[in-house]
Amino acid sequence: MFTFNSPTKLVFGNGVADTTAREIAGMGARRVLIVTGPGRTAASEALTKIKSGLEAEGSTWAHFAGARADPSTDMVDEGLALYRNEGCDSILAYGGGSPIDCAKGIGAQAGEGRPIRDFIGTGLAFSAPVPPLIALPTTAGTGSEVTNAAVFTFMEGGQKVKRGTAGASLFPRIALVDPLLQISMPPELTAATGMDALTHAVEAYVSRSHNPVADFFCLESIRLIGENLKRACRHGEDLEARAGMALASTLAGIALSQAGLGMVHGFAHAAGALGGLAHGLANAILLPYVMQACIPDASVRLASIGRALTGRHSATAIDAVAAMADLGGEVGIPPNLAAAGIPEALLGAIFDDAKTYKRRPQSPHAFTDEELKIVLYKAWSENMAE
Ligand SMILES: [Fe+2]
């Protein structure tokens with residue numbers, strides 16, 4: 001028995017950002033809170049065009065540009081204050097995973113009438129209707145534009161933590177995935193976010209909660225990444241490669257909402273919160289090490305991943321892990337956590353946090369704590385791409 005629930009309307013293709021105002025009017029919304037980060041996207045020409053489009057369509061907007069990387073619950077509070085003060089009735093998220101997740105938090109908090117923090121790790125489920133959310137991703141990695149999940153950073157027990165929450169009300173109403181919005185991504189961001197998408201597809205495919213419909217999305221996503229990530233990193237203006245990566249990211253997002261994730265994300269959230277390591281980079285480094293440890297339990301599925309990623313029919317699980325490490329190396333991902341700047345002294349705290357990851361039971365291998373520690377130390381010191 002399985003459920004496949006992906007209620008977000010997906011509009012995909014070059015130039016679909018131009019339809020934003022029409023889509024918002026179609027949702028019956030009149031006053032939109034635009035949520036972005038504070039950087040280049042906030043001042044981009046593409047966003048200015050979207051704002052003009054909204055005005056031409058008779059809608060008005062307010063702009064919250066405070067959704068920084070790894071959004072905190074405080075940022076959600078700030079965004080919600082603006083949403084209420086400005087009398088908004090809908091939300092438009094424009095940017096990478098951070099503004100989209102922050103926008104989900106603002107919407108959930110507006111609808112539920114209580115802090116988003118109440119829904120993280122407490123067992124409390126979302127139940128209230130939320131304002132309509134339209135998401136336009138400017139990176140190809142997070143998939144948040146089509147997922148039912150969001151991740152927030154906050155203090156817990158005197159320590160900074162990153163924790164996710166999920167619920168059907170977090171699915172955006174509409175995802176406008178426009179590869180043209182992603183061509184200005186620099187190679188490093190293209191690589192890190194692309195490897196995040198690969199991690200989503202791989203972890204969802206080998207997850208204990210995998211299902212046959214999500215499997216299609218995973219394998220096609222992995223195939224597209226094998227075909228397009230290096231091209232998109234080397235030739236940012238290659239629209240075909242950008243479209244391939246944009247679709248791969250969205251497909252992986254749809255899959256992870258059905259099948260879940262695994263310990264790559266468990267470690268990456270801990271390394272992000274405690275060591276400031278960017279999410280995509282952390283995943284990219286950890287992916288081959290965690291998958292290597294899963295080979296005895298997931299050799300058939302990993303071999304399928306190897307075939308999809310490399311196009312070689314003879315690929316085995318071992319080849320798949322090697323191909324993930326090689327791909328990371330070729331797009332400039334550091335070979336291990338030490339090379340990415342994580343000090344050895346932090347590994348104990350990263351382990352302590354990661355071992356409590358709520359999706360740990362979805363991992364194909366039932367890691368003991370000792371095994372998790374070994375994987376983490378290998379990922380800190382070894383070099384699989386050699
Ligand atoms: Fe991720």
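Whatever order the structure lists them in is the order used to number ligands and atoms, beginning at 1.
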The Fe ion (ligand 1): protein N, O or S atoms [distance under 2.8 Å]: Asp196 OD1, His200 NE2, His265 NE2, His279 NE2
Neighbour count above 12 (heavy atom, 6.0 Å) for Lys355 NZ: yes
Ile318 atom CD1, over 12 foreign heavy atoms within 6.0 Å: no
Electrostatic pair Asp369:Arg360 at N-O distance under 4.0 angstrom: yes
Stepwise side-chain hydrogen bond (donor to acceptor under 3.5 Å, both in side chains) check, His63 with Thr36: CA-CA 8 Å; His63 185 173; Thr36 70; 2.8 Å; yes
Residue that, paired with Thr147, satisfies side chain to side chain donor-acceptor pair (under 3.5 Å) out of Lys104, His200, Gln258: Lys104
Partner residues of Ala197 under the side chain to side chain contact (heavy atoms under 4.5 Å, CB included) criterion, sequence neighbours left out: Ile225, Ser249
